[in-house]
Asks: 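Here's a structure for you.
Order of the sequence lines fixes the chain letters, A, B, ..., with proteins taken first and strands second; residue numbering starts at 1 for each chain. What you see below is based on every heavy atom in this structure, not just the backbone, and it leaves out hydrogens, waters and symmetry mates.
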Amino acid sequence: MSVFDGLKFRGISSPIHMLDPRIKFFYVCSIFVVAIIFFELLPLLVLFLFQIPFVILARVQKEWIRSLRGAAFLASIIFGTNILFRFIYAGYTLTASDVEYASAMTLRFIALVESFSIFFLTTSPDHLGLALEKSHIPYEFCFAFTTAVRFVPVLAEEAQTIMDAQKARGLELEKGNFLRRIRNYIPILIPLIISAIRRSLELAEAMEARAWGAIEKRTNLYTLKMKRNDYLLVLVSIAVIIVGIFVKIYVSVPTISNLLGF
Amino acid sequence: MIEIKDLWFTYPNGVEALRNISLEIRKGEFVAIMGQNGAGKTTLIKHFNGLLKPSKGAVLVDGVNTESVSVAKLARKVGFIFQNPDNQLFCETVEDEIAFALKNFGFKEAPLKRRVTWALNLLGLMEYRKASPFMLSGGERKRVALASVLAWDPQVVVMDEPTIGQDYSQKEKLRQFIIQLNTQGKTVVVVTHDVEFVSECNPRVILMSGGRIVADGIGKDVLTDVELLTQASVVLPQVTEIFMGIKDLEFPLDVIDLYEAKELLLKRLGGK
Ligand SMILES: Nc1ncnc2c1ncn2[C@@H]1O[C@H](COP(=O)(O)OP(=O)(O)OP(=O)(O)O)[C@@H](O)[C@H]1O
Ligand SMILES: [Mg+2]
């Protein structure tokens, strides 16, 4: 659940929250590109640190840390498998550069999680839908997407209630071997799925009752307009990409173990 | 039976839902918990079977601290019926649904069958035993949920808003049923917004507001205290309202029961 919490929109107002979601997405993409082209620890570390001012500006530090904590499990798996394969590949020895490589791969993942978490923490589902609509995606899809995003926390809460109800009937989720444990989740999944289906049918009826799809061209309560900060972020994102590619091509990046004189 | 000492509870998101609750519910008591939306009623009763653990203070069930045992262990003693039956039904037949908890508690085959039959009869569900719970009406699903808990014969029965969505005759049946459970020696705790339901059952009434207990006493005292009820957003029982409306005629003001009201009026009007 903590992973979702780290991605759930926080409705506070900050310069980052006010940005156009399309631009923010462009920014995420630029981080993505740079994270993908580097295999060295140093630039990935820079990329990681580079984003922290955004987190502080958006005042979502607490949630951001939670999202990182949620990602820690996957990150440790990435680190572990990298170390393991390097270890086997190099004939059962491990050098500092192997550890550094594994750390770099892990940090790449963390930097990506970081940028996604900034995006989702500061972008309301409504604005996201609006941005999709502005990108000429059919309204039906935009609506389905935003509804899905919005219902994730609702579903999570429902799952908790169902779990409580079954525990109150003596269900012990942690009991038994691996297979048994999976089977323990059946009494939770079935009510959850049924209620999700029932909810979606009800939602469809309620929407039709309120004239959903009555006219081709809908109007919107909010509109998106590019402002000064948006242009600024576009520039920042482009700069990130250019600098990234430049460094990749023309600069030979030292490894940290070299810098430290190993 | 249930002993609560200086209980405070804060949800992970920082909502302080219970503030300094101390309470004792004795064996065989019948308690109704009332109060406005968000008063903390559901949060409180979730402490009775360990679904929630105190942030501060302690909850003892039959002398055992809920902190030290699993929900499943406590559930054997404290049966908990949730507001929405759809949160727990998942089996193919009503019969399986009722057997689910019994299997969890490790009942052997013969007593298990006996208890399922007993519970089906108790709630008039015999004709539906092979039906799918999802095909039943809302009221019937609620009864299945009730049967699935009563089947293991817990000493304490806790119900969250049992009267919601029930028609009048079902509500009346439920009332009789709850009273019957109570006279058989079960401890019964009911959370409800239904003043009429409470005034007709005449249990001990606990009134909550803003995470605190603001009143605790017999229905006659609590349900006729206008100031208290306003504070907790609960309305007067209709009978009480009538008697307060005609207080110039010098009727007692603490009448909550229909039968008592009728007697009083008949006596005054000289009828029989
Ligand atoms: N899972 C939760 N996480 C965070 N806060 C919660 C949670 N459940 C309830 N609350 C909050 O705790 C407070 C008490 O809620 P509770 O559900 O106990 O009220 P209630 O008296 O049962 O109300 P109702 O009559 O509406 O059922 C409310 O302010 C509610 O918003
Ligand atoms: Mg409640």
Asks: Counting heavy atoms not belonging to B:Gln184, are there more than 12 under 6.0 Å from its CD?
Replies: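 For B:Gln184, atom CD is crowded (more than 12 foreign heavy atoms under 6.0 Å).
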
Asks: Sort B:Glu97 into side chain, backbone, both or neither according to what part of it lies under 4.5 angstrom from a heavy atom of chain A.
Replies: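 Interface part for B:Glu97: both.
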
Asks: Pick one of side chain, backbone, both or neither for A:Ser195, based on which atoms fall under 4.5 Å of a heavy atom in chain B.
Replies: neither

Asks: Does a sphere of radius 6.0 Å around CD in B:Gln180 hold more than 12 heavy atoms from other residues, nucleotides or ligands, not counting ones at 6.0 Å or beyond?
Replies: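 Yes, because the 6.0 Å sphere around CD of B:Gln180 holds more than 12 heavy atoms from other groups.
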
Asks: Which distance, rounded to the nearest 0.5 Å, do you find between the NZ of A:Lys167 and the CG of B:Leu74?
Replies: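 With rounding to 0.5 Å, NZ (A:Lys167) is 11.5 Å from CG (B:Leu74).
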
Asks: Would the number of heavy atoms belonging to other residues, nucleotides or ligands and lying under 6.0 Å from NZ of B:Lys53 be above 12?
Replies: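 Check passes, neighbour count above 12.
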
Asks: If I take atom CG from residue B:Asp86 and atom OG1 from residue A:Thr161, how far apart are they, to the nearest 0.5 angstrom?
Replies: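 Between atom CG of B:Asp86 and atom OG1 of A:Thr161 there are 12.0 Å.
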
Asks: Just by distance, do the side chain of B:Asn104 and the backbone of A:Arg169 share a donor-acceptor pair under 3.5 Å?
Replies: yes

Asks: For atom CZ of A:Phe109, decide whether the heavy atoms of other residues, nucleotides or ligands shown that lie under 6.0 angstrom number more than 12.
Replies: yes

Asks: Between atom CG of A:Leu192 and atom CG of B:Asn87, what is the distance when rounded to the nearest 0.5 Å?
Replies: 9.5 Å

Asks: Under a 4.5 Å heavy-atom cut-off, does chain B meet the side chain of A:Ile193, its backbone, both or neither?
Replies: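 The answer is neither part of A:Ile193.
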
Asks: So does B:Tyr11 have more than 12 non-hydrogen atoms from other groups sitting under 6.0 Å from OH?
Replies: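 Yes, OH of B:Tyr11 has more than 12 neighbouring heavy atoms, counting only those of other groups under 6.0 Å.
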
Asks: Nearest heavy-atom pair of B:Ala75 and A:Gly170: which atoms, and what distance?
Replies: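 Where B:Ala75 meets A:Gly170 most closely, the heavy atoms are CB-N, 4.4 Å.
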
Asks: Write down the atom of B:Phe82, the atom of A:Ala165, and the distance for their closest heavy-atom approach.
Replies: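 So the minimum-distance heavy-atom pair works out to CE1-CA, 3.3 Å.
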
Asks: Check whether B:Asn49 gets within reach of chain A through its side chain, its backbone, both or neither, counting any heavy atom under 4.5 Å.
Replies: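 For B:Asn49, the contact with chain A is made by the side chain alone.
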
Asks: Give a yes or no on whether B:Phe134 atom CZ has more than 12 heavy-atom contacts from other residues, nucleotides or ligands under 6.0 Å away.
Replies: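 More than 12 within 6.0 Å, yes.
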
Asks: What is the distance from atom CG of A:Leu171 to atom CD of B:Gln88, rounded to the nearest 0.5 Å?
Replies: 11.5 Å

Asks: Is the shortest heavy-atom distance from the side chain of A:Asp164 to the side chain of B:Phe80 under 4.5 Å?
Replies: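 The answer is no; the side chains never approach within 4.5 Å.
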
Asks: Chain A heavy atoms under 4.5 Å from B:Lys73: which part of the residue, side chain, backbone, both or neither?
Replies: neither

Asks: More than 12 heavy atoms of other residues, nucleotides or ligands under 6.0 Å from CE of A:Met18: yes or no?
Replies: no

